[in-house]
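This one's a predicted model, so the numbers in the text were calculated from it and none came from an experiment. So you know, we letter chains A, B, ... as the sequences are listed, proteins then strands, and number each from 1.
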Amino acid sequence: MTDLADSDYVIEAKAITKSFAGVPALRGVDFRVRRGEVHALLGQNGAGKSTLVKILNGVHRAGSYGGTIMLSGQPVSFASPAEARASGVGYVPQEIEVLEQLSVAENVFAGHIGLGEGVIINRRRIEERTRAILDDLGLDLDPKAIVASLTSAQRHLVMIARALALKPRVLMLDEPTASLSGTEVDALFGVLRRLRAQGVTMIYITHRLPEVLAVCDSATVLRDGQVAAELTRAEFDEERFIFSMSGQRLQKLFPAHDAPLAARPVLVVENLSVAGRAGAIYGARDVSFSVAAGEIVGLAGLLGSGRSEILHGIYGREPAEGRILVDGEPIAIRSPRDARDAGIALLTEDRKRDGLLFNLPVSANITIGNLGPFASRGMVRGERERSAVRDAMRQLNVKAPSPQASVAHLSGGNQQKLLFARVLMRAPKVLLLDEPTKGVDAATRHEIYRLVVELADKGVALVIVASELDEVIGLCDRCLTIADGRVVDEFRRGEGGEDRVLRAVAAAQAESVRAAS
Amino acid sequence: MSSAAPATTEEAPALPWRSRVIGFIAIGEIGVIAALLLLVAFFYFMQPAFLSERNLRAILNVVSFVGIIAIGQTMLLVAGEFDLSVGSVAGLSAVVAAKLMTAAAWPVAFAIVGGVGVGALVGLVNGLIVVKLRIPAFIQTLGMLFIGQGLIQLVTDGYPVYPLPPEIGVIGTTNLAFGLGWSFAFFIVAAVLADFVLRRTVLGRNMYATGGNQEVARLVGINTSLYKIGAFVTVGALAAIAGMFVMADLGSGGTSIGSGWELTVIAGVVVGGVSLFGGAGTIAGGVVGILMLKVVQSGLVVIGVNSNWQQIAVGVIMVLAVGLDILRRRYFTVGAGARGGKKKPKSS
C-alpha cells in the first residue's frame, strides 16, 4: 500500500446522511481527521455523534447511509465492524466489554488469539506481544493477570490495548472517561498523550468540554445532525464550544404553559440519595426539590449524571435514602408498589427493556397493574377492559391494528403513547417521565409535548428527564441542572437557556477534576 | 394529513380479517391440537385397535397422573420459572402419606392432607430459595430432585409401604365413567379451573406479566416474588396429589412413584406451546401436549414398533415442536428486530 502519503487525512467522511425510520440523524456531515492528531467529536445527546461513529466503524453497513468514507484517501465501504477493524479503524466502546475470566493477554488478542499462525495458542508469544503494547501505553499491568481482578479503569485500558493490537490507522475512543474517576482520567490522558507522541491518530468522542481542552488538537462539533463548527486548538474556547453546541437549533414548537402561581407542592423530595445502578458510578446525592401541582420540572444534565437515578429513587425502583412527601404526607417508599399507591407514576426510559411486555397484546399492556377497575371478584371483565382500552387508545391517539395486536410491530411513537396510556390509567398525582420522546417521530414528539402540558393544566406535578436540552428548556417551568448526582443549578423559564445548563455542567466537571487532583 | 383518510378506509376491512387469521395461528393450542388429531388418525389407520376402549382408557389414565403435574408446571413456566423436582415430590408425598396412614395410624383424610402439605412445603422451599436467594431454578429444583429421592429411601428404608387402608383402594378403583376414576375427574376439574385462572383472572394476567418481563411487572406494582413463590407451592401441591393418586392406583406406597416424571412433564407442556422462557402458553396447550406425547408412545406400541423407538420419537417430537413454535413466534409475534422501517413512508 503506497496510499499512506496520498492524503493528509487519515479518515474522511464526506456528505454523510443517515435517517432512522424517516427521522434524519445526519444531514450532510463532513468530518475529517488529520494524521497524528487527537480529534474531538463533540455534540449534545442526539446531535448525531453516535450515528456517525457507527458509520465509521461499520455498525451501520455501507449502503444504509449516504455519502462516502475515505481511509487514507481511498474510498472504503464496510459491511461489518470486523471489516472496519481489519481496514484499520480501531474502536474502543464506552461500555467495558471484556472476558472477565481470561487473562489480560487473552483479552488483548481475543478474536485473533492464534495470531494467524495455526490452531494452537502460543501463550508466550501472546504475552510478549501484550507486554510490548502495554509498554507502549506506559502501563504496568501483568499480561497474565485475570481481568476479573482489575479495576474498571484498568479494564478500559485493556480495551484500548485490544484495539491497538491490530495496529489501527485511527483509534476511536467513545466517551472513554464515562466510568472513570478524576485520577483515573488523568492517567488515561497520560496514555493518550503518549500514544499521540507515537503518532497514533485518535478520535475522541465526548460531550465533556474540559477533556477536550485538556487533550485534543482539533474538534468537530455536531448539532442536529450537521457540523456546527470545526475548530483547531488555537481556536479552542469554552464559550465558543458552548455556543456551537447549543446555538441555533431546529425550531421545535412547544405548547405554551404558564407555571402555576403559588400552587401547593405535591411532591417534595428531601435529601434524596440513590446508589448508582450497576455500571453507572453516580447515583444521586443529597438531592432536594419540590414540584407544585401543575408544574413541569425538568432535570437537565448529561447521560450518567444521576438524572434517571433520582426518578428511580423517588419511584422505589432503586434503594434510596431521604424523605419523600406527597401532598404533604411523608411516604415510606420501599418498592414501586408503594410509590404507585402514593399516586406516583414512572415512564421508564427504555421501552424495550423495561416498558413493554412483548408476550401480551396491546390491551393487556395498557391495563397491566391496573386491572382493579375492570375486575370483579378477581375476574377480568373483558368488555369493561376493552372499552377502557379503546378510550385510552383514542385519547392518546395510539394507532394499532387492534387492541389484540402484538406490541412488537407498533412504531416507536405508538409504543410510547401506549406506555403513557398505562401510566395514566391510575390518574397519578405525580408523573415522572424519563426521556419521554426518545426514539419517537416528530409528530408523536409533538403529541407528547401537548399531552404533558395538558396534564400539567389538570394539576399533575411532572418531572421530566430529557437529554435534549432544548426540550427541557422549552417545555419545563423550572429546570434543575444535575451533574455528578447533585443539583448544581436551578432556574425558572426565561432565566436561562441551554448555554446556562452547559456552563453549569462544565463548571461542576472542572470542580470535580480539581477536587480529585 | 390527507393521506390518513384513504389509508384507514383501505386498511379497515383487511386488518380484522388478517389479524384474526394471525391470531388464530398464533394461538399455541391450534397447532398441537391439529397435530394430535393427525397422529390419532394415523395410528387408527395403521391399527384400528388404537382407538379401542381399553387403549383409550389406558392412555387417559396415565395422562391424568402426569397431567395434574403439568397443570402446575405450566403455571410455573408462565410465571417464568420451572421445577425439575416434581417427580421426586410426587413420590415423597405418596410415601409420607402412606407412612402416616399406616405406621403413624393417622386417619386417611389427615394423612392425605399431610402428603399434600409435604408437597406444598417442598414447593415453598424451592420458591423461597429461587426468589429470595436468587439460586437459578434449574439448580435448586435439580438439587431438590435428589434430596427428594434420598428422603423417599429414608422414609421407606427402600421397601414399598403396604398394605394401605381399604379407603385408599376405593379411591384407586372407583369407576366414575368409562372406566375412569377420581384422578381423571380431579385432572379435568383442575385443568379447567387453572385454564380459567390464567385466561380470565387478574391473577393469571399478572402471572403472564411476571414471566414476560419481571422488571416491568415489578414497576407496575405486581408483587412478582409472591407470584413466583405461589406458583412453586402450587406445583408442589399438585405433584403431591398426583403422587397419591398413583399410590391409590397401585394400592401401595411404592418407592418408584414419580420417578422420571419431571422430564415427561416438561417435554409435554413444551410440545404444547408453553415457553421455557416464561410468559407464554396455556393450560389447554400444556395438557394437549402431554396427551400428544402419550398418544405417540401408546400408538407406537399398538402398531407394533419396537418399544425402544418410543423414546426416540418423544425426543424428536419435542425438538420438532419447539422448533416449529420458535419459527411461528418469530413470524407472527415478537419481533424485537423487526421494528420501524417498513411502516413509515407516510410522513413526508
Between A:A375, A:P336, A:A339, the one whose heavy-atom pairs under 4.5 Å with chain B are most numerous: A:P336

Contacting region of A:A405 [heavy-atom separation from chain B under 4.5 Å]: neither

Whether over 12 other heavy atoms sit under 6.0 Å from A:K18 NZ: yes

N-O pairing of A:R317 and B:E215 below 4.0 Å: yes

Side chain / backbone / both / neither for A:Y315 at chain B, heavy atoms under 4.5 Å: side chain

Derivation and outcome, side chain to side chain contact (heavy atoms under 4.5 Å, CB included), residues B:V220 and A:R340: CA-CA 8 Å; B:V220 299; A:R340 185 197 69 172; 5.5 Å; no

Residues in residues 131-141 of chain B that sit under 4.5 Å from chain A, counting heavy atoms only: none

Short side-chain to backbone donor-acceptor contact, B:N213 and A:G355, under 3.5 Å: no

Flag if over 12 foreign heavy atoms under 6.0 Å of CZ, A:R337: yes

Under 3.5 Å donor-acceptor, B:Y208 side chain and A:L357 backbone: no

Derivation and outcome, side chain to side chain contact (heavy atoms under 4.5 Å, CB included), residues B:R205 and A:T367: CA-CA 10 Å; B:R205 191 73 68 76; A:T367 58; 3.6 Å; yes

Leading residue by heavy atom contact count with chain A [cutoff under 4.5 Å; candidates B:L203, B:T201, B:N206]: B:T201

Side chains of B:R200 and A:V380 in contact at under 4.5 Å (non-hydrogen atoms): no

Quick one: side chains of residues 72-80 of chain B, donor-acceptor pairs under 3.5 Å with protein atoms, not counting sequence neighbours, listed by atom name and distance.
from	atom 1	to	atom 2	distance (Å)
B:Q73	OE1	B:D83	N	3.1
B:Q73	NE2	B:D83	O	2.8
B:T74	OG1	B:A70	O	2.7

Polar side-chain atom of A:N359 near backbone of B:G279 as donor-acceptor pair, under 3.5 Å: yes

Region of A:R377 in contact with chain B, defined by heavy-atom distances below 4.5 Å: neither

Under 4.5 Å from a heavy atom of chain B, the part of A:I368 involved: both

Test item: B:V216 and A:L356 side chains (from C-beta on) under 4.5 Å apart, heavy atoms: no

Chain A interface, residue from B:N223, B:L219, B:I222 that has the most non-hydrogen pairs under 4.5 Å: B:L219

